[in-house]
There are 2 protein chains.
Amino acid sequence: MHILVIGAAGMIGRKFAESLVRSPLPGAPALSRLTLADVVAPAVPDGLSTPCETMTCDLTQPGAAERLINGQPDIILHLAAIVSGEAEADFDKGYAVNLDGTRSLFEAIRHQGLRNGWKPRVVFASSNAVFGGDFPDIIPDDYILTPQTSYGTQKAIGELLLADYRRRGIFDGIGLRLPTICVRPGKPNRAASGFFSGIIREPLVGLEAILPVPETTRHWMTSPRSAVQFLRHAATLDLDRLGERPNLSMPALSVTVGEQIEALRRIAGDKAVALIRHAPDEAVARIVAGWARGFDPQRALSLGFTTEQSFDAIIQAHIEDELDGHIA
Amino acid sequence: MHILVIGAAGMIGRKFAESLVRSPLPGAPALSRLTLADVVAPAVPDGLSTPCETMTCDLTQPGAAERLINGQPDIILHLAAIVSGEAEADFDKGYAVNLDGTRSLFEAIRHQGLRNGWKPRVVFASSNAVFGGDFPDIIPDDYILTPQTSYGTQKAIGELLLADYRRRGIFDGIGLRLPTICVRPGKPNRAASGFFSGIIREPLVGLEAILPVPETTRHWMTSPRSAVQFLRHAATLDLDRLGERPNLSMPALSVTVGEQIEALRRIAGDKAVALIRHAPDEAVARIVAGWARGFDPQRALSLGFTTEQSFDAIIQAHIEDELDGHIA
Ligand SMILES: NC(=O)c1ccc[n+]([C@@H]2O[C@H](COP(=O)([O-])OP(=O)(O)OC[C@H]3O[C@@H](n4cnc5c(N)ncnc54)[C@H](O)[C@@H]3O)[C@@H](O)[C@H]2O)c1
Ligand SMILES: NC(=O)c1ccc[n+]([C@@H]2O[C@H](COP(=O)([O-])OP(=O)(O)OC[C@H]3O[C@@H](n4cnc5c(N)ncnc54)[C@H](O)[C@@H]3O)[C@@H](O)[C@H]2O)c1
């Protein structure tokens with residue numbers, strides 16, 4: 001089996017590739033080839049025994065999508081994206097990567113399939129940001145998508161395209177509305193949601209973190225581990241079980257910033273919590289206020305997607321995976 | 001006030017333009033200029049006193065959108081589209097007109113606005129076909145859009161783009177999910193919904209009509225009169241009242257084909273009904289089965305959109321507007 005990961009230099013793509021070193025995909029043919037692609041050079045994970053090639057290419061360039069799929073992989077994980085903050089700041093870039101990039105990938109698959117009947121599985125990383133504005137505290141699976149950011153709009157369009165191409169038999173596919181990933185490792189990125197991770201990640205290593213929103217802010221989060229688990233499950237799940245609706249809200253935890261902070265206090269003490277500096281930022285608060293606070297992801301749960309049961313478990317996963325089990 | 005109608009040679013566009021001869025838009029500045037555009041040469045309505053120019057141009061051609069908006073109209077009615085049957089049969093053409101055409105119009109407006117601050121009102125003709133598959137008999141305003149046709153997908157994407165461009169302040173806008181229009185005058189077109197009109201229109205003039213679906217088929221319909229009324233209302237409504245969700249399901253009647261036929265019998269007798277020939281067509285039935293059967297369009301009703309109260313009234317409107325009040 002040949003897997004192509006687009007956006008493989010990103011946080012989730014990298015962790016997905018690393019997971020293949022530790023354990024094969026359950027119930028799937030053995031991995032015979034891995035292709036890692038990104039506009040930034042992706043790294044081959046340490047210890048990988050499968051033949052692996054990397055491609056550095058910009059999905060928005062003419063011919064890039066055709067080059068990416070040239071090896072006719074069995075499974076394509078499409079994770080490449082411009083994140084929310086940047087897509088809001090740069091209208092053209094967000095639409096170019098998140099909409100046109102996605103469409104050119106789908107079109108390249110269609111044209112190759114028309115030539116020789118090739119029909120891969122596409123796993124598309126959508127986002128909770130497809131929901132926006134005046135929604136209930138707990139969003140059901142059949143709730144309307146009314147994004148209040150350009151990023152969310154582009155992801156919602158990606159979902160619609162995925163569903164239509166799948167319905168047409170061009171590829172098999174599934175779209176995962178990923179919750180905000182917390183604790184995101186590494187440096188802060190330009191996602192407006194960055195602080196949800198920052199207020200945990202930075203204090204755990206003795207650094208100050210900035211909190212731009214009130215502690216009452218409620219949000220829907222899961223760990224990088226769970227996100228990788230979602231992708232692994234989506235790569236092997238029987239997609240006929242999706243029926244007519246291939247895009248799914250993923251399970252996660254609905255927690256407030258205050259609850260995050262109390263979990264941090266239980267695990268790392270008052271000293272860690274004291275490193276969180278409150279610095280209200282209207283622009284960030286406005287974007288976040290338009291984001292989902294909770295879901296009732298019945299379809300995903302019934303299809304076997306799972307997540308952590310407490311925010312303490314999310315912090316513990318971070319300490320195990322990123323800090324070798326130690327805190328400052 | 002200057003109005004541009006794109007898709008003005010179409011059924012609804014033509015009727016909208018004709019309505020301006022009979023009565024000015026209520027509560028709006030006087031019409032000073034009308035521009036009618038279509039890939040087919042649009043007709044200037046008889047008796048129009050307002051200066052009116054016509055443009056024959058294909059929205060999908062490079063530079064076409066820029067030419068269309070060159071006169072910087074105050075209101076743009078975007079009605080141009082490839083209808084459902086054709087968009088399903090011709091993948092490329094449907095996406096080119098319904099998605100790329102719409103986007104190039106919105107982009108042309110954005111670039112002109114960046115140059116001089118021009119900010120028109122855009123009225124976008126969406127469709128009930130944005131809903132699909134496994135939905136309730138009565139679809140609420142906050143129900144998820146999961147189209148089961150490429151046409152519906154393209155309209156749903158148009159809605160998302162409209163909402164994002166409006167949110168960004170690029171234009172003011174409203175999207176109207178038009179019900180199936182019945183009785184559609186003139187020749188049958190390639191919309192898969194054509195028979196809903198055919199079974200009334202043809203028998204009223206003594207011609208045979210073909211019914212490809214069972215009489216139990218339930219659908220959501222309104223008259224061309226109401227559709228024109230929706231556009232007129234959308235052209236003048238205070239759009240701030242829309243809040244964050246500018247796309248609305250329009251009011252209509254939920255009727256079965258059997259109820260349509262009984263209304264025809266009441267108005268034109270058994271002789272007319274006898275002209276309906278049952279000829280089941282799997283392909284049409286499959287498309288129609290994925291369409292909405294009824295709505296609870298509370299938002300549109302609260303904003304003042306109205307429609308007929310019975311299917312008899314819809315047939316009477318057709319007889320008055322298209323047959324000079326006479327039936328065969
Ligand atoms: N992390 C989250 O909280 C979260 C939440 C919801 C959805 N998602 C989605 O999941 C996916 C992966 O998320 P992530 O956290 O790993 O994001 P990331 O930003 O770390 O990774 C995205 C990758 O896409 C690459 N990319 C951007 N433009 C490209 C282009 N033109 N051509 C090729 N590659 C390009 C970037 O270089 C980057 O490596 C993204 O689609 C993201 O929108 C993430
Ligand atoms: N009539 C209905 O039942 C119904 C229902 C729901 C939505 N709608 C929508 O309402 C709008 C108007 O409907 P209608 O019944 O008048 O449709 P129509 O087919 O009569 O009119 C559409 C017009 O768009 C024009 N057009 C197509 N491609 C074009 C291009 N590339 N450039 C310029 N013009 C182009 C066509 O020439 C045609 O005159 C359409 O967007 C349609 O999708 C109609």
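Proximity to chain B is limited to the side chain of Thr146(A), based on heavy atoms less than 4.5 angstrom apart. For Glu88(A), the parts sitting under 4.5 Å from any heavy atom of chain B are the backbone and the side chain alike. For a residue to count as touching a neighbouring chain, one of its non-hydrogen atoms must lie under 4.5 Å from one of that chain's; by this rule Ile170(A) touches chain B with the side chain only. Contact annotation for Ala156(B): both backbone and side-chain heavy atoms come within less than 4.5 Å of a heavy atom of chain A.
No side-chain donor from either of Ser127(B) and Arg177(B) sits under 3.5 Å from a side-chain acceptor of the other. Judged purely by distance below 3.5 Å, without hydrogens or angles, the side chains of Asn70(A) and Gln112(A) never pair a donor atom with an acceptor atom.
For chain B, the option among Glu107(A), Glu159(A), Arg110(A) with the highest count of heavy-atom pairs below 4.5 Å is Arg110(A). Ranking Thr149(B), Asn247(B), Leu161(B) against chain A, the residue ahead of the rest is Thr149(B), based on heavy-atom pairs under 4.5 Å. The candidate with the highest count of non-hydrogen atom pairs below 4.5 Å against chain A, out of Thr153(B), Asp141(B), Leu145(B), is Thr153(B).
Ring pair Tyr165(B)/Phe106(B) is tilted by interplanar angle, where 30° to 60° counts as tilted. Between Phe295(A) and Trp220(A), the ring planes lie tilted relative to each other; the angle falls in the 30° to 60° range.
At a threshold of 4.0 Å, the pair Asp281(A)-Arg286(A) does not count as salt-bridged, since none of the basic side-chain nitrogens sits closer than that to a carboxylate oxygen.
A donor-acceptor pair is defined here as one N or O able to donate and one able to accept, closer than 3.5 Å; such a pair exists between the side chain of Lys155(B) and the backbone of Ala125(B).
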